[in-house]
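Keep in mind it's a predicted model, so treat the numbers as computed, not measured. Basis for what follows: all heavy atoms, side chains included, without hydrogens, waters or symmetry-related copies.
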Amino acid sequence: MSIEKMRLVNIAGKMDSLDRVIQKCVDSGCFHIESASSSDTEESGFSVLHEQNPYRETLDRIVAVDFGSDFRFRKTDYSDIENESLESLSEYVSGTSEKLKILSEEISENKNSILQYEQIIAQLKHLQGLDIDMAKLSGCKHIHVRFGRLPCDSYSKLAYYEKDAFAFVHYDVDDDYYWGMYFAPVECLKKADKIFSDLYFERIWLPDYVKGKPEKEIEDVNKKYSDAQAKASELEKRRHDLIETEKERLNKVFCRFKALYDCFELRSKASVIKDNFLLVGFVPEKQADEFEKPLSKIPGVSVVIKPPDSDVSLEVPVKLKTNKFTNPFSLFVEMYGLPSYDGFNPTTLVAITYTLLFGIMFGDLGQGLVISIAGAVLYKKTKNKLCAIISRIGLSSAFFGLVFGSVFGFEHALDPMYRTLGFEEKPFEAIDNVNIVLGAAIAIGVVLIIISILINIVTTLKKKEFDNALFGNNGVTGLVFYSAILYAVVNFMMFSKNVFNPLFTVFLIVLPLVIMLFREPLGCMVSGKKFKSEGVGDFIASNFFEVFEFLLGYVTNTLSFVRIGGFVLSHAAMMSVVMLLSEMYKGASPVIIILGNIFVIGMEGMLSGIQVLRLEFYEIFSRCYDGDGKAFEPVSVNYSPELD
């Protein structure tokens, strides 16, 4: 898969057509807008629009309305209100907002009243049994009374103040407090207040309307409390009914104003001179003609479509080409970074290698099918690309489970199938063939590294980066050196043959290293450029260590693929532990097998996925991919209540 071809679009016209043009660009769904002020096409005298968005105030009012925690603004069709004037819609928003605000204030006040009644009832309950008229008690002229509670620890300390002119009478006791009141003459009140404050007395304030005896007052407050609760239910119902009646229309009004708001914000991307505007952007090549048609029908508007690289000041955005299978794997490519417009789209490579490597590392028919089904179900509900990836790699795991003969950890469950195919027994047992497994893992790594180098050679040649393509560690020279070393290692390990004769050593080992050392001046020589160096000594020193780093990279990158074999063996080992435990505790065998499979699917499945992604990013991408491109983002309306 390659990268979608783009076209640069210049749109010019009169200012009175700007809003219509922007609306058409948004409706097209394929226009990636750029700031016209940064374009090479900018002429002297052009300026950028700095305007206050006229739709923000109404949007702020809509967003500020409290619809309840369950309500969410969402994209919806608002064509049935497009003929209504913006003024009438704004008045509708203000009216509805005011109604809800009044109801919310009433609900809040009523809640405060309910809370107050609850506190008063709790306080009065401690006064029950007192045959005292509260109005007469509070109306004393020469003696004042304070109601409250005194900590039990402080009650015993009152004996120290027996000579002071006050009296404390308690009428209720619990584990922590003495509930009561203290009396003091008016002239001694300040001193009494100071003493009780030091003893951590907590005063209780009774409302003015509590004037009778406590039992009667409790009865009266309980009635008020019941009335307030009934009113709360009635207010909540009125608010709920109003929201249910108006929320759909308010959502449509929000969507209309949000579309107008976002389109108006795009005016800042235009360059303006006198009564004319200029918009600049990119569209996919295959949609360019379709994009131009509605714009060309607007009087006074001209559309000029150019090659994407005709304006060197603008970076061409990237849209990856994918198919049904590879599309979800673009998630990993985007995580690393999109390619440049003239670069390499690695999505297909990632899709194939990630799927195969995960299947090899986590090969089990039963567990693979479980992963695939779970991924498919989650993707159907969430449309998350990661879930789609899981459904694909699960099938790969199931396929390699057939190869390895493993079904939920049962290593001989597929023996009848093998015998039907003509095998006497299971053809391959990973645990018994450790060297083969690890060797195959390294072989896979070698193949992928060579593929990565070949891809880098092609892409860098297209960009005319000759120092990298021909003389770099991931270029032709690096490929020759890496292949020579592999050839020598394979001959030595498999055939005990030493291939390091003088010609081999000089031309395939030493010469490539020297070429990599002088790759920069050689690249400049091939491309016809002049090489600039800060000094011979600095050049040789820095490049020597870089070449040494290249050598280490060949070794570490190749050996890194041993983890593929490691996970093949660890998967078999973990399931053998589960089976051993199930045999030791036969009474709980089904439970152990089920829980063991769940653990392995969750833990090792996640680790395998992470490790394969690491191989993609560090061992493959680092050799053939830059990831410094800019995403193609067509202008659209974002139906989110958050405003810039």
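For the pair Pro339 and Ile3, the tightest heavy-atom approach, listed with the atom from each and the gap, is CG-CD1, 3.7 Å. Nearest heavy-atom pair, Asn473 versus Met516, reported as atom, atom and distance to 0.1 Å: CA-SD, 3.6 Å. Residues Phe362 and Gly605 approach most closely at CE1-N, 3.7 Å, considering heavy atoms. Val318 and Ser340 get closest at one heavy-atom pair: CG2-C, 3.8 Å. Across all non-hydrogen atoms, the minimal contact from Lys14 to Phe277 is O-CE2, 3.0 Å. Closest of all the heavy-atom pairs between His32 and Ala631 is CE1-O, 3.4 Å.
Here the CG atom belonging to Asn53 is positioned 8.0 Å from the CG atom belonging to Leu59, to the nearest 0.5 angstrom. Separating the CG atom in Leu357 from the CD1 atom in Ile564 is a distance of 4.5 Å, to the nearest 0.5 Å. Going from atom OG of Ser302 over to atom CG of Asn276 covers 9.5 Å, rounded to the nearest 0.5 Å.
In this structure the side chain of Met361 reaches within 4.5 angstrom of the side chain of Gln611, judged on heavy atoms. Looking at heavy atoms from C-beta onward, Leu470 lies out of side-chain contact with Thr477 at the 4.5 angstrom threshold. In this structure the side chain of Val304 never reaches within 4.5 angstrom of the side chain of Val9, judged on heavy atoms. Between Phe632 and Glu4, the closest side-chain pair of non-hydrogen atoms is not below 4.5 Å. Proximity of Pro299 to Arg20: side-chain heavy atoms (C-beta onward) are separated by under 4.5 Å at one or more points. Lys306 is listed as a side-chain neighbour of Asn10, based on a closest heavy-atom distance under 4.5 Å. Side-chain contact between Asp467 and Glu465 is present, with at least one heavy-atom pair separated by less than 4.5 Å. Annotation: side chain of Arg563 is in contact with side chain of Leu615 (closest heavy-atom distance under 4.5 Å).
Aromatic rings from Phe291 and Phe31 are positioned such that their centres are separated by under 6.0 Å. Under the 6.0 Å cut-off for aromatic ring centres, Phe621 and Phe617 qualify, their centroids lying closer than that. For Tyr554 and Phe481, the distance between ring centers is under 6.0 angstrom.
Donor-acceptor pairing under 3.5 Å is recorded for the side chains of Thr347 and Asn345. Judged by distance alone, the side chains of Asn323 and Thr326 do bring a donor and an acceptor atom under 3.5 Å apart. For the 3.5 Å distance criterion, the side chains of Asp19 and Gln23 fail to qualify, holding no donor opposite an acceptor. If you check the side chains of Asn474 and Arg623, you find a donor sitting under 3.5 Å from an acceptor. Arg56 and Tyr261 share a donor-acceptor pair across their side chains, judged by distance under 3.5 Å alone. Asn468 and Asn456 share a side-chain donor-acceptor pair at under 3.5 Å. Residues Ser397 and Gln367 bring no donor and acceptor atom of their side chains to less than 3.5 Å of each other.
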| Evaluation steps, side chain to side chain donor-acceptor pair (under 3.5 Å), between Tyr482 and Thr558 | CA-CA 10 Å; Tyr482 185 64; Thr558 304; 2.8 Å; yes

| said: As a quick check of understanding, evaluate salt bridge (charged side-chain N to carboxylate O under 4.0 Å, His left out) for Glu633 and Lys319, giving each step before the final call. | reply: CA-CA 9 Å; Glu633 297 175 345; Lys319 182 180 181 183; over 6 Å; no

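Remark: side-chain polar atoms of Tyr625 are not paired, donor with acceptor, to backbone N or O of Gly343 under 3.5 angstrom. Side-chain atoms of Arg256 come within 3.5 Å of backbone N or O of Ile81 as a donor-acceptor pair. Counting only distance, with no hydrogens or angles, the side chain of Ser88 and the backbone of Glu84 share no donor-acceptor pair below 3.5 Å. Side-chain atoms of Lys630 come within 3.5 Å of backbone atoms of Glu315 as a donor-acceptor pair (strictly under, hydrogens ignored). Remark: side-chain polar atoms of Ser310 are paired, donor with acceptor, to backbone N or O of Pro307 under 3.5 angstrom.
The side chain to side chain contact (heavy atoms under 4.5 Å, CB included) test with Phe561 is passed by exactly one of Val446, Val447, Ile442, Leu448: Leu448. Put simply, the residue from Val280, Asp309, Val316 that forms a side chain to side chain contact (heavy atoms under 4.5 Å, CB included) with Leu8 is Val280. Put simply, the residue from Tyr55, Tyr92, Phe73, Tyr639 that forms a ring pair (Phe, Tyr, Trp, His ring centres under 6.0 Å) with Phe254 is Phe73.
For the pair Lys464 and Phe466, the cation does not sit on the ring face, since its NZ or CZ is not both under 6.0 Å from the ring centre and inside 45° of the axis.
Note: Phe332 and Phe329 have perpendicular aromatic rings, judged against thresholds of 30 and 60 degrees for the angle between ring planes.
Pairs engaging residues 279-300 under the side-chain hydrogen bond (donor to acceptor under 3.5 Å, both in side chains) rule: Arg7-Glu285 [sequence neighbours left out].
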Side-chain donor-acceptor pairs under 3.5 Å in residues 384-396, sequence neighbours left out?
unit_1: Asn384; atom_1: OD1; unit_2: Leu386; atom_2: N; d: 2.7
unit_1: Lys385; atom_1: NZ; unit_2: Ser330; atom_2: OG; d: 2.8
unit_1: Ser391; atom_1: OG; unit_2: Ala388; atom_2: O; d: 2.6
unit_1: Arg392; atom_1: NE; unit_2: Phe325; atom_2: O; d: 3.0
unit_1: Arg392; atom_1: NH1; unit_2: Ala388; atom_2: O; d: 3.0
unit_1: Arg392; atom_1: NH2; unit_2: Lys324; atom_2: O; d: 2.8
unit_1: Ser396; atom_1: OG; unit_2: Thr355; atom_2: O; d: 2.6

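In this structure, Asp77 does not pair ionically with Lys252, as no charged nitrogen and carboxylate oxygen lie closer than 4.0 Å. The pair Glu51-Arg267 meets the salt-bridge criterion, with a side-chain N (NZ, NE, NH1 or NH2) lying under 4.0 Å from an Asp/Glu carboxylate O.
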